[in-house]
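Have a look at the structure below, then the notes.
Letters A, B, ... mirror the listed sequences (proteins, then strands); counts begin at 1.
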Protein chains: 2
Amino acid sequence: MNSDTRWLNDHEQEVWRAFRELLWGFESAMDRQLLRDSDLSGVEYSVLASLSEADDGVMRARDIAQQLDWERSRLSHLLKRMEARGLVERVTCATDARGFNISMTSAGWDAIRQAAPGHVTFVRENVFDPLSEAEREALLSATTKMQQSIRNAGLWGNTGRSA
Amino acid sequence: MNSDTRWLNDHEQEVWRAFRELLWGFESAMDRQLLRDSDLSGVEYSVLASLSEADDGVMRARDIAQQLDWERSRLSHLLKRMEARGLVERVTCATDARGFNISMTSAGWDAIRQAAPGHVTFVRENVFDPLSEAEREALLSATTKMQQSIRNAGLWGNTGRSA
DNA sequence: ATCGTTTTGTTGACACGTCAATCATGCAAC
DNA sequence: GTTGCATGATTGACGTGTCAACAAAACGAT
């Protein structure tokens with residue numbers, strides 16, 4: 001991987017730079033919109049959105065982590081802060097004394113209900129509206145392929161292990 | 001923005017989910033590769049790459065921040081760590097007593113020279129190789145349009161102000 | 001039953017980012 | 001030249017992520 005490195009030509013540089021810029025900027029723009037309109041951070045929104053898809057707003061911590069493809073410790077740290085903010089509650093689990101059921105409080109429900117429309121609108125206005133149908137399809141196939149390639153390289157996800 | 005929210009249909013959900021997954025996963029995979037092969041974090045690499053493009057490996061901190069579109073404080077914190085690691089040095093600036101010249105040490109040069117091939121190879125293998133020419137073009141136009149849209153919405157970059 | 005392993009989750013140390021406050025310098029207006 | 005504002009950079013508080021170490025319960029084999 002030394003002198004036979006296939007460096008990027010000018011046009012590739014341009015594509016790469018645009019993609020890279022979007023990569024860091026999109027997330028932070030989304031967080032900014034969320035924080036501005038709803039006082040929820042992006043990660044908090046993710047957790048609440050997962051919970052809201054469960055029937056009663058209750059999930060095992062393990063399942064949330066798996067669904068979001070997060071490390072357990074990451075979730076644990078966040079839940080501690082969210083519990084302190086009154087968005088969720090940890091409830092000991094009846095069927096497994098190790099586990100916890102994470103339950104959305106009514107404040108959590110309020111927060112996600114209030115935040116969702118603005119979030120969806122952000123996605124619609126900044127992803128779907130600006131793109132042609134062909135571009136949307138290309139975006140899907142391109143992202144899928146890149147992800148698959150990274151997976152094959154063993155570099156995807158939480159430190160390799162599925163966690 | 002309430003009951004007239006245009007929610008996502010199933011296919012849009014699929015596109016969005018794939019894009020979102022890539023958004024967080026790509027960066028972290030890139031960081032992982034870099035850390036594994038070169039003991040540099042992604043942000044450290046960015047700074048060193050910027051510096052390496054200046055003739056002598058010296059830039060004003062302000063210019064680095066501008067080029068990377070970072071907040072000054074972010075750069076300042078990072079430079080403190082990088083200086084502690086011996087990758088760069090802060091040198092007082094002759095022409096402006098407020099400013100600092102950031103200068104790459106020889107250890108910094110070594111690090112970036114050692115890391116660059118693996119990084120470029122990562123990009124080549126996980127972005128360009130898996131995509132068709134049409135997909136590469138669509139990726140460029142799609143990312144450009146999304147970014148432009150976010151800019152128009154006033155949500156791009158460091159807290160709005162150009163910093 | 002007990003031993004070893006896996007699963008579930010927490011904790012602490014540290015890297016990293018944002019925000020608001022601070023401080024000194026440059027600079028322009030008067 | 002001093003007043004006022006913009007610029008360059010740092011700091012501290014705090015939210016966030018990773019990693020490694022840990023503890024306790026569950027489970028599977030014997």
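Between B:Ala116 and A:Trp7, the shortest heavy-atom contact is CB-CH2, 4.1 Å. For the residue pair A:Ala49 and A:Ile112, the shortest heavy atom distance occurs at N-CD1, 3.7 Å. Here the closest heavy-atom approach between residue A:Ala61 and residue A:Leu75 is recorded as O-CD2, 3.2 Å.
A straight line from CG of A:Leu68 to C1' of D:dG17 spans 14 Å, rounded to a whole angstrom. We find that CG of A:Leu75 is positioned 13 Å from C1' of D:dT16, with the value rounded to whole Å. The distance between atom CD of A:Glu71 and atom C1' of D:dA21, rounded to the nearest whole Å, is 13 Å. Atom C1' of nucleotide D:dA9 and atom CH2 of B:Trp70 are separated by 16 Å, given to the nearest angstrom. Between B:Tyr45 atom OH and C:dC16 atom P there is a gap of 16 Å when expressed in whole angstrom units. What separates CG of B:Leu35 from C1' of D:dC19 is a distance of 11 Å, to the nearest Å. What separates CZ of B:Arg60 from P of D:dT10 is a distance of 11 Å, to the nearest Å. Remark: C1' of D:dA25 and CZ of A:Arg62 are 13 Å apart, rounded to the nearest angstrom.
Ring geometry, B:His119 versus B:Tyr45: the interplanar angle falls from 30° to 60°, so the pair is classed tilted. Below 30°, between 30° and 60°, or above 60°: for A:Phe26 and B:Trp16 the angle between ring planes is between 30° and 60°, a tilted geometry.
Here the CZ-CG distance, from B:Arg85 to B:Leu40, works out to 6.0 Å after rounding to the nearest 0.5 Å. Rounded to the nearest 0.5 Å, atoms OG1 (B:Thr121) and CD (B:Gln33) are 8.0 Å apart.
Comparing B:Ala61 and A:Leu78, the nucleotide of DNA chain D nearest to each residue sits closer to the 5' end for B:Ala61.
The cationic group of B:Arg62 does not satisfy the cation-pi geometry with B:Trp70, failing either the under 6.0 Å distance to the six-membered ring centre or the 45° limit from the ring axis.
In this structure, B:Arg90 reaches the sugar-phosphate backbone alone: every heavy-atom distance under 4.0 Å involves primed, P, OP1 or OP2 atoms, never a base.
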Enumerate all atom pairs, one protein N or O and one N or O from nucleotides 12-15 of chain D, separated by less than 3.5 Å.
| residue | atom | partner | partner atom | Å |
| --- | --- | --- | --- | --- |
| D:dG12 | O6 | B:His77 | NE2 | 2.8 |

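Using a 4.0 Å cut-off on heavy atoms, the residues of residues 95-103 of chain B that approach DNA chain C are B:Asp96, B:Ala97, B:Arg98, listed by number.
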Practice item. Could you walk me through whether A:Ser141 and B:Glu135 pass the side-chain hydrogen bond (donor to acceptor under 3.5 Å, both in side chains) test, one step at a time? Key: CA-CA 8 Å; A:Ser141 71; B:Glu135 284 168 332; 2.8 Å; yes
